[in-house]
Amino acid sequence: MDKEGTSVSRTPIIAGNWKMFKTVKEAVAFADEVKGKAELAGVESVVCAPFTNLPALVQAFQGTTIKVGAQNLHFEDNGAYTGEISGIMLKDLGVEYVIIGHSERRAYFAETDEIVNKKVLAAFKHGLTPILCVGEKLEEREAGETKEVCRVQTVAALAGLTAEQAAQTVIAYEPIWAIGTGKSSTAEDANEVISYIRSVVAEQFNGEVAQAVRIQYGGSVKPNNISEYMAKADIDGALVGGASLEPASYIALVEGAK
Ligand SMILES: O=C(CO)COP(=O)(O)O
């Protein structure tokens, strides 16, 4: 679908966030079903899976245009951090993307803006592209603080990046109240916040970086509403949880981003 009123040339990006779902067998079965179908010229397609699925998925998607992402990384390269996985290890597997600062990690695993920033820097250090998540809680939205929350999270997360790195970063605006609730932000609201986040990036870096950076919407995106979001000038794709788990639904999301 054409963008409303612009000649935007950013490549749309659909990323599935499987969260803590799927065994290796289930992941490979998914890959076999979407291969050749969730691959459209002009749309980037990414699957962000649990760590345990990553080697099998990289292998299963070899020779396709579908990319594999992780959902987290530790900011150190190596060390005594029991249970953690570093950027070196992800790169070694052939992973290309990594979700950083998802609201579930901020809420359940105490990730602060400072930790998120260290993780974004670590991703670039190892040649991984971060999908940086920002977004407000329901009470923040009700208090009229949405833009300020997104500004603070974005500026903190991108601190210390070069302009080139900032331009490569994918930002996902995910209002927390819309995640897994079936209550999605309207496309108008999402576009307004995303356009504001783009202006924050312009202030922090420059206008060229802001025009290059891709900003997704996330929160109850489904095959039946994806095209509404994609029609908006500033929305460059979606980060999708629940609706990315079934092959047919994932394929429909990628098709809807065209
Ligand atoms: O958290 C999300 C993606 O990172 C959104 O999840 P849902 O698409 O299930 O609402």
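Please read all numbers here as calculations on a predicted model, not as lab measurements.
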Fill in the blank from the handout: Applying salt bridge (Lys or Arg N to Asp or Glu O under 4.0 Å) to Lys37 and not counting sequence neighbours gives none
Handout entry: salt bridge (Lys or Arg N to Asp or Glu O under 4.0 Å) partners for Lys118, two or more places apart
Key =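 Residues passing salt bridge (Lys or Arg N to Asp or Glu O under 4.0 Å) with Lys118: none at all.
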Quick check: closest heavy atoms across [X] and [Y], and the distance to 0.1 Å?
X	Y	value
Leu239	Ala172	CD2-CB, 3.8 Å
Leu93	Pro55	CD2-CG, 3.9 Å
Phe30	Ser244	CE1-O, 3.4 Å
Ile66	Val47	CG2-CG2, 4.1 Å
Ile99	Cys48	CD1-CB, 3.6 Å
Ala38	Val254	O-CG1, 3.8 Å

Looking at [X], I'd like to know if its [atom1] atom is crowded, meaning that more than 12 non-hydrogen atoms belonging to other residues, nucleotides or ligands lie closer than 6.0 Å.
X	atom1	result
Glu26	CD	yes
Phe51	CZ	yes
Lys222	NZ	yes
Glu208	CD	no
Glu246	CD	no

Handout entry: Salt bridge present between Glu111 and Arg106 (N-O < 4.0 angstrom)
Key =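 No.
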Handout entry: Pairing of Lys232 and Glu188 as salt bridge, 4.0 angstrom limit
Key =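 Looking at Lys232 and Glu188, the cut-off is met.
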Practice task
Identify which one of Lys147, Lys183, Arg141 satisfies the salt bridge (Lys or Arg N to Asp or Glu O under 4.0 Å) criterion when paired with Asp189.
Solution key: Arg141
Answer with yes or no whether the side chains of [Y] and [X] bring together a donor and an acceptor at under 3.5 Å.
X	Y	result
Thr65	Glu39	yes
Tyr250	Glu255	no
His102	Glu174	yes
Glu136	Tyr173	yes

Practice task
Check the hydrophobic clustering (I, L, V, M, F, W, Y; side-chain heavy atoms under 4.5 Å; chains of links allowed) and say if Ile131 and Leu54 are grouped together.
Solution key: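 Cluster IDs for Ile131 and Leu54 differ.
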Problem - Pairwise side-chain contact, Ile176 with Ser103, heavy-atom cut-off 4.5 Å (strictly under) - result: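 The answer is yes, as the side chains (C-beta and beyond) meet within the 4.5 Å cut-off.
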Exercise for the section: Please examine the side chains of Gln71 and Pro50, heavy atoms only from C-beta on, and report whether any two atoms are closer than 4.5 Å. Expected result: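 Answer yes - side chains close enough.
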Measure the spacing between [atom1] of [X] and [atom2] of [Y] and express it to the nearest 0.5 Å.
X	Y	atom1	atom2	answer
Trp177	Glu140	CH2	CD	12.5 Å
Asn191	Ser185	CG	OG	9.5 Å
Leu132	Ile171	CG	CD1	5.5 Å

Distance-only, no hydrogens or angles: does the [X] side chain make a donor-acceptor pair with backbone N or O of [Y] under 3.5 Å?
X	Y	result
Ser227	Gly256	no
Lys35	Ala60	yes
Asn17	Val240	no
Asn117	Ala157	yes
Arg10	Gln211	yes
Asp236	Pro12	no
Ser86	Asp77	yes
Gln59	Ala56	no
Lys22	Leu245	yes
Arg198	Val193	no

Exercise for the section: Applying side-chain contact (heavy atoms from CB on, under 4.5 Å), run through Val68 and Val46 and close with a yes or a no. Expected result: CA-CA 6 Å; Val68 177; Val46 185; over 6 Å; no
Practice task
Take Asn72 and Val98, measure what side-chain contact (heavy atoms from CB on, under 4.5 Å) needs, and give me the verdict at the end.
Solution key: CA-CA 6 Å; Asn72 183 29; Val98 57; 5.5 Å; no
Practice task
Kindly determine whether Ile115 and Phe109 satisfy side-chain contact (heavy atoms from CB on, under 4.5 Å), including the steps that lead there.
Solution key: CA-CA 11 Å; Ile115 292 172; Phe109 302 97; over 6 Å; no
Practice task
Classify the ring geometry between Tyr217 and Tyr229 as parallel (under 30°), tilted (30 to 60°) or perpendicular (over 60°).
Solution key: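 Tyr217 vs Tyr229 ring planes: parallel.
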Problem - Full working for side-chain contact (heavy atoms from CB on, under 4.5 Å) between Leu158 and Val201 - result: CA-CA 9 Å; Leu158 301 182; Val201 174; 4.1 Å; yes
